[in-house]
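A short worksheet on the structure shown next.
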Amino acid sequence: MTSNEKILFVVNLIPEGNVFTYGKVADLAGLPGRSRMVSKALKQAPRSMLIPWHRVINSQGKISIPKDTKGYREQIELLRIEGIEINNGRIKLADYEWRPDIATLVMDIPF
DNA sequence: ATCGTGACTGGGA
DNA sequence: CTCCCAGCCACGA
């Protein structure tokens, strides 16, 4: 499994209504210190793969996609649809980054 | 090998 | 809280 595949695999585990940071995804994918690889992988992932890319935000709890772009607006819309409160591109990480049941999902990562 | 470029991050001003 | 920046890593020119 390539690094890129591991990253997308992990992002696919993020439950609806929750968010992970780029760093968190990188760690769970066994690629510590490579958060930038996560952003690149998501940017390149074909829409047809239906990856929940919008559930990945930066460590500051903010949308990393540059403002005034189609992607920025789309990410906010998708997150709101899932019930995630977001103000001025900012999300309260503590409220959505982790839930008890996510720990179980993490245990099943095959790498 | 060197340089520039990010949907990054932690720390300092 | 916001801005800036050095450090970081993979990649392509």
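Scope of the values below: all heavy atoms of this structure, side chains included, with no hydrogens, waters or symmetry mates. Computed from a predicted structure; not experimentally measured. A note on names: the letters A, B, ... follow the listed sequences, proteins ahead of strands, and every chain is numbered from 1.
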How many whole angstroms separate atom [atom1] of [X] from atom [atom2] of [N]?
X: A:K40; N: B:dG4; atom1: NZ; atom2: P; answer: 18 Å
X: A:Y72; N: B:dG6; atom1: OH; atom2: C1'; answer: 18 Å
X: A:L93; N: B:dC8; atom1: CG; atom2: C1'; answer: 14 Å
X: A:I91; N: C:dC1; atom1: CD1; atom2: P; answer: 15 Å
X: A:K92; N: C:dC1; atom1: NZ; atom2: P; answer: 11 Å
X: A:F20; N: B:dC8; atom1: CZ; atom2: P; answer: 18 Å
X: A:M37; N: C:dC8; atom1: CE; atom2: C1'; answer: 13 Å
X: A:Q44; N: C:dG12; atom1: CD; atom2: C1'; answer: 12 Å

Can you measure from CD (A:Q44) to CG (A:N4) and round to the nearest 0.5 angstrom? 6.5 Å

What class does the angle between the rings of A:F20 and A:W98 fall in, given that below 30° is parallel, 30 to 60° is tilted and above 60° is perpendicular? parallel

Nucleotide N/O to protein N/O under 3.5 Å, stretch nucleotides 9-13 of chain B:
| unit_1 | atom_1 | unit_2 | atom_2 | d |
| --- | --- | --- | --- | --- |
| B:dT9 | OP1 | A:G23 | N | 3.1 |
| B:dT9 | OP2 | A:S59 | N | 2.8 |
| B:dG10 | OP2 | A:S59 | OG | 3.2 |

Which residues satisfy the salt bridge (charged side-chain N to carboxylate O under 4.0 Å, His left out) test with A:R55, sequence neighbours excluded? A:E82

Just to verify, what does A:D68 make a salt bridge (charged side-chain N to carboxylate O under 4.0 Å, His left out) with, not counting sequence neighbours? none

A:E97 side chain vs A:V19 backbone, donor-acceptor pair below 3.5 Å: no

Contact under 4.0 Å: A:R34 side-chain N or O vs C:dC11 OP1/OP2: no

If you count every heavy atom of other residues, nucleotides or ligands that lies below 6.0 Å from A:M1 atom CE, does the total exceed 12? yes

